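Letters go in sequence order (proteins before strands), and every chain restarts at 1. Keep in mind it's a predicted model, so treat the numbers as computed, not measured.
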There are 2 protein chains.
Amino acid sequence: MTTRWLTPEEQRAWRAYVAASLLLEDALDRQLQQDAGMPHLYYTILAYLSETPERRLRMTDLAERLKITRSRLTYAVARLEKDGHVRREACRWDKRGTVAALTDEGMAVLERTAPGHVATVRAALFDHLTPEQVGQLEEIGTRIERALQGDDAESAPEGLPWLRRSVNPPLL
Amino acid sequence: MTTRWLTPEEQRAWRAYVAASLLLEDALDRQLQQDAGMPHLYYTILAYLSETPERRLRMTDLAERLKITRSRLTYAVARLEKDGHVRREACRWDKRGTVAALTDEGMAVLERTAPGHVATVRAALFDHLTPEQVGQLEEIGTRIERALQGDDAESAPEGLPWLRRSVNPPLL
DNA sequence: GGCGCTTGGTTCAAGTTTTAAACAAACCTA
DNA sequence: TAGGTTTGTTTAAAACTTGAACCAAGCGCC
């Protein structure tokens, strides 16, 4: 089968995207390393934890949300734990499980550094986009996501937003 | 000054973008590592070299195009040289300079692996975007780029032979 | 219950990459 | 020619990632 090369338009888009994502990730890492002492991925872990009702998530759930391997997550959480931002707990309902819980200190770091992070994201991105473009970005991002990890429409179980088979009693 | 948090729309866009870029870079790295024995960044270096008329670029020019530090580039080129994909040459006009030149072997690797790479980019991205979205992606990417590295409209210096755009078949 | 298969998560070893700082040589300008 | 800048490399230390191997606990099934 003959290769379908990128059209000039696609090529421009591709290059713009690659350059932009490199610069953006760099800027984010630098800012967060500076202000929070951790790279973007680690900050994101804390952020995700902070959003669940109990500020904790099963390792596998967290890994899936972050789109990283469990192994990578284990390493990251180990560091976050060493730094006191996260605490590991045993899962009561599944003895194999581990739950990563945001500590008060971790939450404090998040609260202290979130404004700077948001400011960076704005300065690097949203301040330069029209509302339409924001919508377009979401749509494009969503499509890539769908393309790259089977579009298994695994809707979150409505009752328990924060878990795999839980930290909570299994619903029957 | 009070923090301007992200609006719900911005937040959705941001998350979609972060997830997508992680997945995309991962997929690309995996495919290229598999087929070409090198990660995306390294492939991109070869690709950029292949596009110049003489298949060679000054280290600094290359670093600027790639949006990476010279130090990082030195490391990368060292490996590419060890693998025989690139050769370092002294720059005749500036004795401080080093020129990275694509070897025939490097070119061969590129030609052999480009189809697979393009296929991956299509499968992960362009096959799921409308032509309008391709344009939108370019525009958004360009804006980020401009935002993050001063918009010095540095047009290519007129004199130097291999700092000019390519006429060759697009390999990326 | 007991036998396998799957899942959750960690560990391990090895390698890869990154960063920042320091440096030397060459260039440039006055 | 002195002084400042640019080029590119070196260095040393960290940080990160990967993949495979592994164990323990759940699950299904007869």
Can you measure [X] atom [atom1] to [N] atom [atom2] for me and round it to whole angstrom units?
{"X": "Leu73(B)", "N": "dT10(D)", "atom1": "CG", "atom2": "P", "answer": "13 Å"}
{"X": "Leu57(B)", "N": "dG8(D)", "atom1": "CG", "atom2": "P", "answer": "11 Å"}
{"X": "Asp61(B)", "N": "dT7(D)", "atom1": "CG", "atom2": "P", "answer": "9 Å"}
{"X": "Glu25(B)", "N": "dT17(C)", "atom1": "CD", "atom2": "C1'", "answer": "13 Å"}
{"X": "Lys95(B)", "N": "dT5(D)", "atom1": "NZ", "atom2": "P", "answer": "24 Å"}
{"X": "Met59(B)", "N": "dA26(C)", "atom1": "CE", "atom2": "P", "answer": "17 Å"}

What I want to check is whether an N or O donor and acceptor connect the side chain of Arg70(B) with the base of dT7(D) at under 3.5 Å.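 Result: no qualifying N/O pair found.
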Identify whether any heavy atom of Thr74(B) sits under 4.0 Å from a base atom; if not, whether one sits that close to sugar-phosphate; answer base, sugar-phosphate or nothing.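 Contact class for Thr74(B): base.
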Could you tell me whether a side-chain N or O of Asp83(B) sits under 3.5 Å from a main-chain N or O of His85(B), the two making a donor and an acceptor?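 No; zero donor-acceptor contacts below 3.5 Å.
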Taking the minimum atom-to-atom distance to the side chain of Arg58(A), which one of dG9(C), dG26(D), dA26(C) wins?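 That would be dG9(C).
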Which of these nucleotides, dT9(D), dT7(C), dT5(D), is closest to any side-chain atom of Arg96(B)?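 The listed nucleotide nearest to Arg96(B)'s side chain is dT5(D).
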On the 0 to 90° scale, with breaks at 30° and 60°, tag the Trp14(B)-His40(A) ring pair as parallel, tilted or perpendicular.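 Plane angle between 30° and 60°, so tilted.
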In terms of the angle between their ring planes, are Tyr43(B) and His117(B) parallel, tilted or perpendicular, with boundaries placed at 30° and 60°?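 If you compare the ring of Tyr43(B) with that of His117(B), the planes turn out tilted.
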Nearest 0.5 Å, please: how far is CG in Leu148(A) from CG in Asp26(B)?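 So the CG of Asp26(B) and the CG of Leu148(A) are separated by 9.0 Å.
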With a cut-off of 6.0 Å (strictly less than), are more than 12 heavy atoms of other residues, nucleotides or ligands near CZ of Arg55(A)?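 No, not enclosed.
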Is it true that Arg112(A) and Asp35(A) have a side-chain N and a carboxylate O under 4.0 angstrom from each other?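 Salt bridge flag = no for Asp35(A) with Arg112(A).
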Give me the distances for all protein-to-nucleotides 15-19 of chain D N/O pairs that come in under 3.5 Å?
unit_1: dC16(D); atom_1: OP2; unit_2: Tyr42(A); atom_2: OH; d: 3.4
unit_1: dC16(D); atom_1: OP2; unit_2: Arg79(A); atom_2: NH1; d: 3.0
unit_1: dT17(D); atom_1: OP1; unit_2: Arg72(A); atom_2: NE; d: 3.1
unit_1: dT17(D); atom_1: OP1; unit_2: Arg72(A); atom_2: NH2; d: 2.6
unit_1: dT17(D); atom_1: OP2; unit_2: Arg72(A); atom_2: NE; d: 3.4
unit_1: dG19(D); atom_1: O6; unit_2: Ser71(A); atom_2: OG; d: 3.1

